[in-house]
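One is the number of the first residue; the rest follow in order along the sequence.
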Amino acid sequence: MKWHRHERAAFIAFISSIPRPIRSLVAPFGQYSWLLLDMIWQVPRFSRFLDQEIRANGGQFVVAVIVLSGASRLSRKHRADLVRKIMSTKRKILIGEICRVSQGGRFLKILGRLGSTYHGPEFYHELAAVMNCPRRSHLLSHEKNPKREIIFALTHIPEELLATPVIGLVGRSWRSYTLLKNLNQMMEASPAPVRDRILDAFRNVRTVDDAWRMILRWEKRLLEYISFPEPPLPAHNQLTPLSNPDAMRQEARAMHNCLTDLIGDVAAGGVFYYHWDGPEPATVRVRNRNAGGAWNFVDAAGFRNAKLP
């Protein structure tokens, strides 16, 4: 404990040695703050550049370059070189150097619309991937406030479902995205003729409300065609596998959770749910990250997703 106190005191002293304006400058960047501190330490004039970037576009260009270049894995020397490139190289050229983005100009415009919310690395990689598809990047270019849900939807949903009303629906809420994702996974687990009928139906979608009704309609109908893989863990008197869509829907009603929206995850494989009938009932999730590998406990939650004691 004494060592931990000394360690904490040393850390506080180190933080205090960093000028307050610099601390205030990088603090909003969260997980990227330490990288930015190192970049400023090596190239002090970068602090003024970063301040100007925050005022101009929220600093999103800098964050995107940090992520897409793998700056956290670079040596300090190469990181300093990257800082100088950020400050001097034309942006479109720099983005083209660090990743393959065919729509570089459009990518920069979208970065400028993200505001001051800094996302995890996956988000920026997904955004760069969207930029390599003309149709997907075109749909995204119409979004004045591109949300995380829209980026992920554009990356994962099949091209046949790509339409302005569908993207508009996803932008409404994270739940809209989960419903679309669930439908997509259920489609992949359905017979080809059924999948073709759904895609034909979506070609007639004209409004966001049409898209919402279409998702709910086909999600319900697909339950007739969905079959689950065998439960990975044997049942016993307290552990019951939710081995079909009806069982998951009943669990969702009984435990007041969103399990109905996750049926597609089970149909796609790699995830399975159980009901634990103990002193405090719970919904249990297990996962297999590699086909044929071991199944591992992920999490469990009580009534209304309450944390378990």
Side-chain angles (χ1 to χ4, degrees), residues 1-99 101 104-128 130-131 140-141 143-152 174:
M1 290 296 291
K2 184 177 180 181
W3 167 252
H4 287 310
R5 284 198 299 271
H6 290 166
E7 191 177 56
R8 180 176 174 79
F11 180 74
I12 291 172
F14 169 69
I15 291 293
S16 300
S17 69
I18 301 171
R20 185 180 294 275
I22 300 298
R23 278 184 281 158
S24 300
L25 184 66
V26 303
F29 288 88
Q31 62 185 299
Y32 306 109
S33 297
W34 287 106
L35 272 174
L36 291 170
L37 279 175
D38 180 60
M39 293 161 88
I40 292 170
W41 177 266
Q42 295 196 76
V43 185
R45 59 197 174 91
F46 180 60
S47 62
R48 177 173 292 184
F49 178 89
L50 181 60
D51 184 51
Q52 293 171 344
E53 280 293 297
I54 293 170
R55 297 173 191 277
N57 63 24
Q60 293 288 350
F61 171 72
V62 173
V63 174
V65 171
I66 285 174
V67 172
L68 298 175
S69 65
S72 62
R73 300 186 301 273
L74 297 176
S75 67
R76 297 192 71 233
K77 178 183 180 302
H78 287 110
R79 198 179 298 150
D81 292 339
L82 177 65
V83 174
R84 297 183 186 97
K85 281 188 174 184
I86 290 174
M87 298 171 64
S88 61
T89 307
K90 287 188 176 181
R91 299 179 178 220
K92 193 173 177 179
I93 294 175
L94 180 57
I95 290 295
E97 286 180 359
I98 62 176
C99 69
V101 176
R106 188 174 283 172
F107 179 67
L108 293 171
K109 288 180 181 178
I110 291 170
L111 283 176
R113 299 177 191 168
L114 295 177
S116 57
T117 299
Y118 308 110
H119 304 277
E122 183 185 3
F123 173 89
Y124 297 95
H125 285 292
E126 298 275 11
L127 178 56
V130 169
M131 289 298 106
L140 184 58
S141 68
E143 296 295 324
K144 294 181 180 179
N145 181 25
K147 295 182 179 178
R148 182 169 58 113
E149 297 89 340
I150 294 175
I151 305 299
F152 291 148
W174 182 254

If you round to the nearest 0.5 Å, how far is [atom2] of [Y] from [atom1] of [X]?
X	Y	atom1	atom2	answer
I40	I22	CD1	CD1	4.5 Å
R48	L50	CZ	CG	13.0 Å
E143	I151	CD	CD1	8.5 Å
S72	Y32	OG	OH	9.5 Å
K85	I93	NZ	CD1	11.0 Å

Side chain to side chain donor-acceptor pair (under 3.5 Å) partners for [X], two or more places apart:
X	value
R55	D51
R113	none
Y124	Q60
H78	S75

Once side-chain contact (heavy atoms from CB on, under 4.5 Å) is applied, do any residues pair with [X], and if so which ones, sequence neighbours excluded?
X	value
Q31	P121
Q42	D38, R76, R79, A80
K92	L108
R73	none

- Task: Starting from the C-alpha separation in whole Å, work towards a yes-or-no answer on salt bridge (Lys or Arg N to Asp or Glu O under 4.0 Å) for E97 and R91.
- Result: CA-CA 10 Å; E97 286 180 359; R91 299 179 178 220; over 6 Å; no

- Determine, stepwise, if the pair R20 / R23 fulfils side chain to side chain contact (heavy atoms under 4.5 Å, CB included). CA-CA 5 Å; R20 185 180 294 275; R23 278 184 281 158; 3.9 Å; yes

- Task: List the steps and the verdict of salt bridge (Lys or Arg N to Asp or Glu O under 4.0 Å) for K77 and D81.
- Result: CA-CA 6 Å; K77 178 183 180 302; D81 292 339; 3.6 Å; yes

- Would you sort out whether S116 and I54 count as a side chain to side chain contact (heavy atoms under 4.5 Å, CB included), showing the intermediate values? CA-CA 8 Å; S116 57; I54 293 170; over 6 Å; no

- Is the backbone of P44 close enough, under 3.5 Å, to the side chain of S47 for a donor and an acceptor to pair up by distance? yes

- Query: Is a side-chain N or O of S33 found less than 3.5 angstrom from the main chain of V26, in a donor-acceptor match?
  - Reply: yes

What are the two closest non-hydrogen atoms of [X] and [Y], and how far apart are they?
X	Y	value
L94	I86	CD2-CA, 3.8 Å
P146	L140	CB-CD1, 3.9 Å
A71	L82	CB-CD2, 3.9 Å

- Should W174 and R148 be marked as a side chain to side chain contact (heavy atoms under 4.5 Å, CB included) after you check the CA-CA gap, both sets of side-chain angles, and the distance that decides it? CA-CA 9 Å; W174 182 254; R148 182 169 58 113; 4.3 Å; yes

Mind checking ring pair (Phe, Tyr, Trp, His ring centres under 6.0 Å) for [X] and listing every partner two or more places apart, or none if nothing turns up?
X	result
W41	none
F29	Y118
F123	H119

- Checking side chain to side chain contact (heavy atoms under 4.5 Å, CB included) for the pair L114/N57: CA distance, chi angles, key distance, verdict? CA-CA 8 Å; L114 295 177; N57 63 24; over 6 Å; no

- Message: Between F49 and V83, is there a side-chain heavy-atom distance shorter than 4.5 Å?
- Response: no

Could you tabulate the donor-acceptor pairs under 3.5 Å formed by side-chain atoms of residues 62-69, not counting sequence neighbours?
from: S69; atom 1: OG; to: V65; atom 2: O; distance (Å): 2.6
from: S69; atom 1: OG; to: I66; atom 2: O; distance (Å): 3.4

